[in-house]
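The figures that follow rest on heavy atoms only: side chains count, while hydrogens, waters and symmetry mates do not. Letters A, B, ... are given to chains in the order of the sequence lines, protein chains preceding strands, and every chain is numbered from 1.
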Amino acid sequence: MAKVRDKNTDSIFWEWELNERQREAVEHMGSPLLILAGAGSGKTRVLTYRIANLIKSHGIKPWEILAITFTNKAALEMRDRVISLVGPTAKEMIIATFHSACARILRKEIEKLGYSSRFVIYDEADSIRLITSCLSELGYDMRQYHPRGLRAHISSLKNEMIDPDVAGINSSNPFEKVAAEIYSLYQQKLKDNDALDFDDLLLLVINLFEIYPDVLKKYQERFRHILVDEYQDTNMPQYMFIKMLAGEHRNLCVVGDDDQGIYSWRGADIRNILEFEKDYPDARVIKLEQNYRSTQTILDAAGAVVSYNRSRKPKVLWTKNPPGDRVKVCVVPDERAEASFIVSEIKRLAENHKARYSDIAVFYRVHAQSRSLEEAMVREGIPYRIFAGVKFYERAEIKDIIAYLRVIHNPRDSISLKRIINVPSRGIGLKTLSVVEEYAGRTGLYLLDALKDADEIQALGRMAKNKIKSFVELLEDLITFSREHGVDELIEEIWTRTGYMAELEAEKTVEAESRILNLKELLNVVVDFRDQYGAVTLEDFLERVALVNEIDDYDEKAGYVSLMTLHNAKGLEFPYVFITGMEEGLFPHSRSMEDSKDIEEERRLCYVGMTRAKKGLYLLRALSRSYRGISFSAMPSRFLLEIPDAFVEELSWSDERGIEQHPLEVEIGDTVIHEMWGEGVVLEVRGDGDDGEVSVDFETVGVKNLMLKYAPLKKLT
DNA sequence: CTAAAATTCCTTTTT
DNA sequence: GGAATTTTAG
């Protein structure tokens, strides 16, 4: 635990708490500071001590400090740690993610930009729905232009800070032209709904700062000291945001590691960190290379992999920790065997090494891999938890209730209104809705106001009018109710008044039962949130729900094994780590295999995963993996081959019957190709191989450097 | 209008 | 193989 020495000394910290470099990083003042912090080098400690030092030794007021972290969880953790160093006064500083910091600023200032301060934040699904409605409004074929793809495209346009009116202007690509058209309608519709998407949160703040220099000035004065964590993963708007805010006082401290940049696909630009010294020529650069987390062997193995990357700043991590065990590499027949291997190894660790379940994590490249793992955990009765992005809030029943809350908070939010208008079903179907929408479009009314006007709409039958009327009354009652009651009571009122809960209870199925539990969990979220922050307004709660992700709820004391994607693993650490699916095509993912830049990012992802482990690291590879129902054979991931043998221990695996599994062998014509990598032919294989025959398409990519991509599994005996 | 059946896409990673 | 959406039958 950290101890703080009393005031009046130059250094307020016990010297043994920090190493030389760390202390420099904590104490440096007077110019921008870049901390290149290798994995496990204690950067969180440096950041918290630095904040504490600002407050304690330099008389900086907590509210003058803005610290940006990557997740809400990291923010909360850092906050607690600073509080333990300097006391409750630290509560007044702002530690938040980019998105929540911006949301906070916008709640105060957004009216200057013509939005209401009651704006809602749309998640990806909401955006997609809105884009869908843009497509149909402009009469485009949804098969030809996928809303998902358009959303991704528009999001990257936004991340490159390209405005709708200039997007696709001199593009000959028809997709880009359509995207640009959709983009501007989408943006306008967002505004009509008083809604912002994730990207807008950043963009509008920048916009605000550009148009109103006095507002920028106000925040520059307010946030005199700015700290940014995970700087290698910032994108252009985030970079601009920081640059503007820090522009005046230049008390900027950024921390990052170019080897851990894994978000370029969402616009993160690693150059932000590599060129920090260009942006701030007087910047001080401090490297942290001593690792406190992992064994030397894990570090060497991970370092060997990442050293294959060409574009990186060379660095070598070292540690005083013991060398530890070798990295265990295990080859298994398929994903089921992979899961049961992991489960039995977890049991062994728990018994022989007194490991707790919470000491163990299993990582995978894509969410789909979690299924087989989950099945094995359930089968063997091992408590586990899957951290799946935002899954809880994506469940239909949760989104339904949230949609009610959103409409109650801001009746202009027509996307949410459309979601609940017939949930639970109250006889207002698609036809009725489209008539009302048409009326709303013609008169320029908001959807809710159009509903209130139902009597005026000729095309509506008497039945429909009555149904609409009672729905509008229901909403008005709920809005009235919300003025005098807390969020938790409001949620319960929604359940009962709408009959939502009664309907679920009447269903008496397992699914309905679990939905009821989920709804009760939502109530718990409200209560927990209140315990943490005091009184909760509807607005606070909706914002929290929009920006939170499940990793934020991660609790290290609880006794369960953690399952998550490699991306979610960033910033966490576990004594024992299993990385699954070490196969070409899966990890590195096939979609990243054409471009060496993408491969390098995959390699960094591998590095991130490996360096999460403190004591034990397992890498698993299946000979065959089923994908969309068909099973494919796969070659070992190149990352496995990049680890020198000296750091590796190969584990053999035998199935329940004790038959040892062998690598694949494929017959093509007269040629038998044994397991191989590096050379050969790229093959697309059709057929399942069950009948011993498959058809093979040769898809040659170049002549020399070819390899076997997928092949049917054939066991040797 | 609803419920069941058929069809389609999916799977990279997320604030 | 399965969720999610769209089509069809009642």
Side-chain angles (χ1 to χ4, degrees), chain A residues 68-75 96-103 121-125 127-129 132 142-143 146-149 151-152 155-156 158-159 196-203 230 233-235 237-238 261-268 335 363-372 375 387-391 393-396 422-433 461 463-464 467 543-552 564-570 581 585-593 598-599 601-602 604-606 608-609 625-631 688:
Chain A
I68 301 286
T69 58
F70 201 69
T71 62
N72 289 302
K73 153 137 202 300
T97 62
F98 275 106
H99 294 270
S100 36
C102 288
I121 300 166
Y122 276 2
D123 67 11
E124 182 172 329
S127 296
I128 289 173
R129 283 166 142 243
T132 307
M142 303 249 293
R143 282 161 222 282
H146 303 277
R148 278 191 102 77
R151 195 214 67 93
S155 176
S156 47
K158 285 185 167 191
N159 284 329
L196 310 188
D197 64 17
F198 288 137
D199 303 320
D200 284 342
L201 290 171
L202 267 301
L203 293 180
E230 308 283 10
D233 282 321
T234 50
N235 61 24
Q238 294 169 339
I262 53 175
Y263 284 97
S264 71
W265 48 272
R266 92 178 186 210
E335 69 269 8
F363 302 154
Y364 35 80
R365 179 67 237 271
V366 300
H367 278 305
Q369 288 171 261
S370 67
R371 177 162 302 149
S372 50
E375 279 166 10
F387 294 91
V390 286
K391 221 172 159 192
Y393 294 102
E394 273 170 11
R395 288 169 204 267
N422 202 27
V423 176
S425 94
R426 47 175 76 88
I428 306 177
L430 247 48
K431 198 164 149 254
T432 311
L433 182 62
M463 286 280 274
K467 284 167 181 164
E543 187 161 309
R544 154 99 184 170
V545 164
L547 296 177
V548 85
N549 87 43
E550 229 180 319
I551 205 82
D552 296 336
M564 65 187 80
T565 63
L566 285 148
H567 282 85
N568 271 332
K570 188 160 83 159
L586 182 59
F587 190 30
H589 195 274
S590 53
R591 299 270 277 254
S592 68
M593 282 168 58
D598 295 336
I599 282 286
E601 179 147 316
E602 294 283 306
R604 289 194 291 271
L605 190 57
C606 184
V608 167
R625 187 172 293 276
S626 54
Y627 178 67
R628 311 232 275 247
I630 318 158
S631 78
D688 53 22

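Distance, A/Phe98 CZ to B/dT14 P: 19 Å, rounded to whole Å. Distance CG (A/Asp199) to C1' (B/dT14): 11 Å, rounded to an integer number of Å. In this structure, A/Asn72 atom CG and B/dT14 atom P are separated by 15 Å, rounded to whole Å. Taking atom NE2 on A/His146 and atom C1' on B/dT11, their separation rounds to 14 Å, with Å as the unit. Rounded to an integer number of Å, the gap from CZ of A/Phe198 to P of B/dT14 is 12 Å. Across the protein-nucleic acid pair, A/Gln369 atom CD and B/dT11 atom P stand 14 Å apart, rounded to whole Å. Following rounding to the nearest Å, A/Ile128 (CD1) and B/dC10 (P) show an atom-to-atom distance of 11 Å. Protein atom CD1 of A/Ile121 is 15 Å distant from nucleotide atom C1' of B/dT14, rounded to whole Å.
A/Thr565 has a side-chain polar atom (N or O) that falls below the 4.0 Å cut-off from OP1 or OP2 of B/dT14. For the OP1/OP2 pair of B/dT12 and a distance below 4.0 Å, the side-chain nitrogens and oxygens of A/Ser592 include no atom meeting the criterion. Taking only side-chain nitrogens and oxygens, A/Asn568 comes nearer than 4.0 Å to OP1 or OP2 of B/dT14. Contact annotation: A/His367 side-chain N/O to B/dC10 OP1/OP2 distance is not under 4.0 Å. Side-chain N/O atoms of A/His589 include one lying less than 4.0 angstrom from OP1 or OP2 on B/dT12. For B/dC9, the OP1/OP2 oxygens have no side-chain nitrogen or oxygen of A/Arg148 closer than 4.0 Å.
Residue contacts for A/Ser100: at a heavy-atom cut-off of 4.0 Å it reaches no nucleic acid atom on any strand shown. Across all strands shown, A/Leu202 has no heavy atoms under 4.0 Å from either base or sugar-phosphate atoms. At the heavy-atom level, A/Asp123 lies nowhere under 4.0 Å from the strands shown. Using a 4.0 Å heavy-atom distance criterion, A/Ser626 is classed as making no nucleic acid contact.
Stacking of A/Trp265 onto the six-membered ring of B/dT13 is present: less than 5.5 angstrom between centres, less than 30° between planes.
With respect to the salt-bridge test (charged N to carboxylate O, under 4.0 angstrom), the residues A/Glu124 and A/Arg148 qualify. Checked for salt-bridge contact, A/Lys158 and A/Asp200 meet the test: a charged N lies under 4.0 Å from a carboxylate O.
Between B/dT12 and C/dT5, the distance separating the two C1' atoms is 22 Å to the nearest Å.
Donor-acceptor pairing under 3.5 Å is recorded for the side chains of A/Asp199 and A/Ser155.
You won't find any donor-acceptor pair under 3.5 Å spanning the side chain of A/Arg591 and the base of B/dT11, going by distance alone.
Set against B/dT14, B/dC9, B/dT2, the side chain of A/His567 has B/dT14 as its closest nucleotide. Candidate nucleotides B/dC1, B/dT14, B/dT11 were compared by shortest atom distance to the side chain of A/Tyr263, and B/dT14 ranks first. Among the nucleotides B/dT11, B/dT14, B/dT2, the one closest to any side-chain atom of A/Arg266 is B/dT14.
Of the two residues contacting DNA chain B, namely A/Gly429 and A/Thr97, the nearest-nucleotide position lying further toward the 5' end is that of A/Gly429.
A ring-centre distance under 6.0 Å is not found for A/Phe98 and A/Phe198.
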